J.: 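Structure in structure tokens, see below.
Below, all heavy atoms of this structure are taken into account, side chains as well, without hydrogens, waters or symmetry copies. Keep in mind that this is a model prediction, so the values were computed, not measured.
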Amino acid sequence: MRIGFAVPVSGSWATPGNMARVARRAEELGYHEVWTFQRLLYPRGHAMGPVYRSVHDPVVTLAYLAGLTERVRLGVAVLNIPFASPALLAKQLASLQAVSGGRLDAGLGLGWLPEEFAASGASFERRGRRGEEFVPLLRRLWTEETVEHRGEFYDLPPVHQDPKPPLVPPILLGGSADVALRRAGRLAEGWISSSREDLGGINEKIYIVKEAARAAGRDPEALRFVTRGVTRVRAAGAAGREALTGSFEEIRADVAALGARGVTDVFHDLNFDPEIGSPAADPAASMRRAEEALEALAP
């Protein structure tokens with residue numbers, strides 16, 4: 001199993017210096033991946049939680065980290081398809097793939113917050129159909145000399161988009177509904193679970209993705225299954241504790257259990273711990289706790 005760690009992108013501890021410290025140390029400790037996530041805006045008075053209140057742009061963050069690291073893979077979980085055109089996102093990710101030396105994992109999703117759709121001038125309806133059109137077009141822009149497209153959502157006259165990425169980035173799709181899981185099996189190199197995923201039943205969703213891949217004539221065993229580990233370090237032995245919440249020993253055991261259920265990648269994301277990723281959290285204390293976890297949970 002590949003083990004990753006999310007860099008600080010949310011809350012008061014999310015400074016460029018802390019991003020660099022976490023990414024560099026993760027690479028030194030042998031982590032396979034570092035990760036970011038996207039939140040375009042935060043509606044006033046929304047109940048989604050403090051972790052989403054202040055979030056850095058993931059593509060810019062990963063470009064910054066690409067210049068500070070050499071080996072560790074760079075992932076985003078996820079960029080929401082409706083907020084950018086395929087041509088713009090293809091250009092940005094191709095450049096990121098180039099400057100990182102081919103280390104990008106491109107997680108894509110459909111979004112769920114209506115206010116972000118309104119701010120992007122995108123329709124909340126037919127998001128799934130938009131994704132079905134977007135993903136193949138993205139790959140065509142990365143691989144074909146000339147691309148022409150007339151679709152339901154996007155039109156391209158005959159165009160060139162260069163330079164091509166040195167390696168086509170793997171596309172990992174999010175989503176938890178059955179239709180989204182089947183889409184990942186048909187179109188993507190893997191699936192990414194959400195921050196609210198019930199990890200006890202994740203094997204059932206992995207099965208749906210694999211069956212869709214098999215039905216599409218693809219090799220289901222070649223797919224990746226990435227779990228965002230909403231990791232909260234707490235005292236051991238709590239009654240009714242959630243997976244990845246507890247002592248370091250309990251969290252490591254939870255990671256092993258996920259591997260037995262078919263997960264191929266787990267990344268620990270302390271941004272989603274309100275004691276660390278909230279704008280109200282003490283930034284120095286958050287960083288101390290993150291560095292302790294980074295050391296203790298290293299592969």
Side-chain angles (χ1 to χ4, degrees), residues 1-2 4 35 37-40 47-49 52 75-84 86 89 105-117 120 122-139 151-154 169-230 242-244 254-255 257-267 269 272:
M1 179 186 286
R2 290 178 285 268
W35 290 85
F37 71 96
Q38 182 183 58
R39 181 89 277 136
L40 188 62
M48 74 174 80
Y52 291 119
V76 53
V78 294
L79 294 168
N80 289 304
I81 283 171
F83 304 162
L89 192 60
D105 288 324
L108 303 179
L110 297 178
W112 54 268
L113 187 62
E115 291 86 348
E116 289 183 326
F117 283 79
S120 303
S123 171
F124 195 76
E125 306 301 323
R126 298 181 296 162
R127 290 170 293 158
R129 289 176 63 87
R130 183 184 292 272
E132 297 272 353
E133 186 175 338
F134 191 106
V135 172
L137 184 52
L138 196 67
R139 285 206 184 94
E152 181 179 358
F153 299 95
Y154 306 105
I171 295 175
L172 310 168
L173 291 180
S176 58
D178 284 3
V179 65
L181 299 172
R182 291 193 293 271
R183 183 182 301 116
R186 288 187 290 104
L187 297 180
E189 280 72 53
W191 173 67
I192 300 178
S193 70
S194 77
S195 61
R196 298 188 176 108
E197 186 64 48
D198 175 10
L199 300 182
I202 199 168
N203 53 303
E204 298 171 7
K205 293 188 174 178
I206 290 173
Y207 175 82
I208 294 172
V209 176
K210 285 187 171 183
E211 284 301 296
R214 186 174 289 110
R218 309 178 71 212
D219 179 5
E221 301 309 315
L223 301 182
R224 291 168 60 187
F225 295 93
V226 181
T227 292
R228 178 189 297 282
V230 179
E242 297 180 2
L244 302 175
D254 292 338
V255 169
L258 288 169
R261 295 188 184 107
V263 172
T264 63
D265 303 59
V266 173
F267 68 95
D269 196 341
F272 284 78

J.: What residues form a side chain to side chain contact (heavy atoms under 4.5 Å, CB included) with Leu40, not counting sequence neighbours?
T.: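 By the side chain to side chain contact (heavy atoms under 4.5 Å, CB included) rule, Leu40 matches Phe83, Glu116, Ser120.
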
J.: Is the shortest side-chain heavy-atom distance between Asp178 and Ile208 below 4.5 Å?
T.: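 Answer yes - side chains close enough.
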
J.: Just wondering, do Gln38 and Val78 contact through their side chains at under 4.5 Å, heavy atoms?
T.: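 When only atoms from C-beta onward are counted, Gln38 and Val78 do not touch, as no gap falls below 4.5 Å.
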
J.: Does any non-hydrogen side-chain atom of Val230 lie less than 4.5 Å from one of Asp269?
T.: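 They are not in contact (no side-chain heavy atoms under 4.5 Å apart), so the answer is no.
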
J.: Working to the nearest 0.5 angstrom, can you tell me the gap between Ser194 OG and Trp112 CH2?
T.: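 Ser194 OG to Trp112 CH2: 10.0 Å, rounded to 0.5 Å.
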
J.: What residues form a ring-ring contact (aromatic ring centres under 6.0 Å, His included) with Tyr207, not counting sequence neighbours?
T.: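 Applying ring-ring contact (aromatic ring centres under 6.0 Å, His included) to Tyr207 gives none.
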
J.: Using a strict threshold of under 4.0 Å (side-chain N to carboxylate O), is an ion pair present between Glu132 and Arg183?
T.: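 Looking at Glu132 together with Arg183, the answer is yes, because their closest N to O distance falls below 4.0 Å.
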
J.: Side chains of Met1 and Val266: closer than 4.5 Å at any heavy-atom pair?
T.: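 A side-chain contact under 4.5 Å exists here.
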
J.: Heavy atoms only: give me the nearest Leu244-Gly229 pair and the separation to one decimal.
T.: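 Residues Leu244 and Gly229, closest heavy atoms: CD1-CA, 3.4 Å.
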
J.: Work out which heavy atom in Pro82 is nearest to a heavy atom in Ala122; give both atom names and the distance.
T.: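 Shortest heavy-atom separation between Pro82 and Ala122 comes out as O-CB, 3.5 Å.
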
J.: The criterion is ring-ring contact (aromatic ring centres under 6.0 Å, His included); which residues satisfy it with Phe267, sequence neighbours excluded?
T.: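 With neighbours one apart ignored, the set is Trp35.
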
J.: Can you tell me how far apart CZ (Arg39) and CG (Asn80) are? Round to the nearest 0.5 Å.
T.: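 Answer for the CZ-CG pair, Arg39 versus Asn80, is 6.5 Å.
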
J.: Test your reading of the model: is there a side-chain donor-acceptor pair from Asp105 to the backbone of Gly75, 3.5 Å cut-off?
T.: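 Such a contact is absent between Asp105 side chain and Gly75 backbone.
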
J.: Ala243 and Leu199: which non-hydrogen atoms are nearest, and at how many Å?
T.: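 The answer is CB-CD1, 4.1 Å.
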
J.: What heavy-atom pair brings Leu223 and Ala213 nearest, and what distance separates the two atoms?
T.: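 Nearest pair, atom of Leu223 first, then Ala213: CD1-CB, 3.8 Å.
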
J.: Can you check side-chain contact (heavy atoms from CB on, under 4.5 Å) on Arg261 and Ile206, steps first, answer last?
T.: CA-CA 8 Å; Arg261 295 188 184 107; Ile206 290 173; 5.5 Å; no

J.: For residues 201-212, pull every pair meeting salt bridge (charged side-chain N to carboxylate O under 4.0 Å, His left out), keeping only residues two or more places apart or in separate chains.
T.: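 Counting only pairs at least two positions apart or across chains, the salt bridge (charged side-chain N to carboxylate O under 4.0 Å, His left out) contacts touching residues 201-212 are Glu197-Lys205, Lys210-Glu221, Glu211-Arg214.
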
J.: So, the side chain of Glu189 versus the backbone of Leu172: is there a donor-acceptor pair under 3.5 Å, distance only?
T.: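 Such a contact is absent between Glu189 side chain and Leu172 backbone.
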
J.: Is Glu133 reaching over with its side chain to a backbone N or O of Phe153, donor-acceptor style, under 3.5 angstrom?
T.: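 Flag set: sc Glu133 to bb Phe153 pair under 3.5 Å.
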
J.: Rounded to the nearest 0.5 Å, how far does CG of Leu173 lie from CG of Leu110?
T.: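 Those atoms lie 8.0 Å apart.
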
J.: Under 6.0 Å from the CD atom of Glu115, do we count more than 12 heavy atoms belonging to anything else shown?
T.: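 Yes.
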
J.: Would Val76 and Leu108 count as a side-chain contact (heavy atoms from CB on, under 4.5 Å) if you check the C-alpha gap in whole Å, the side-chain angles of each, and the deciding distance to 0.1 Å?
T.: CA-CA 8 Å; Val76 53; Leu108 303 179; over 6 Å; no

J.: Checking the side chain of Trp191 only, and the main-chain atoms of Gly175 only, is there a donor and an acceptor separated by less than 3.5 Å?
T.: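 Answer holds: yes.
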
J.: Just by modelled atom types, is the Ala77 backbone N or O under 3.5 Å from a matching donor or acceptor in the Arg228 side chain?
T.: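 The answer is yes, because a donor-acceptor pair under 3.5 Å joins these two groups.
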
J.: With sequence neighbours excluded, tell me which residues meet side chain to side chain donor-acceptor pair (under 3.5 Å) with Arg127.
T.: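 Residues passing side chain to side chain donor-acceptor pair (under 3.5 Å) with Arg127: none at all.
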
J.: Could you go through Leu89 and Phe134, starting from their C-alpha distance and side-chain angles, then the distance that decides it, and tell me whether this counts as side-chain contact (heavy atoms from CB on, under 4.5 Å)?
T.: CA-CA 10 Å; Leu89 192 60; Phe134 191 106; 3.8 Å; yes

J.: Identify, with sequence neighbours excluded, every residue that meets side chain to side chain contact (heavy atoms under 4.5 Å, CB included) alongside Ala216.
T.: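 Residues passing side chain to side chain contact (heavy atoms under 4.5 Å, CB included) with Ala216: Arg186, Arg218.
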
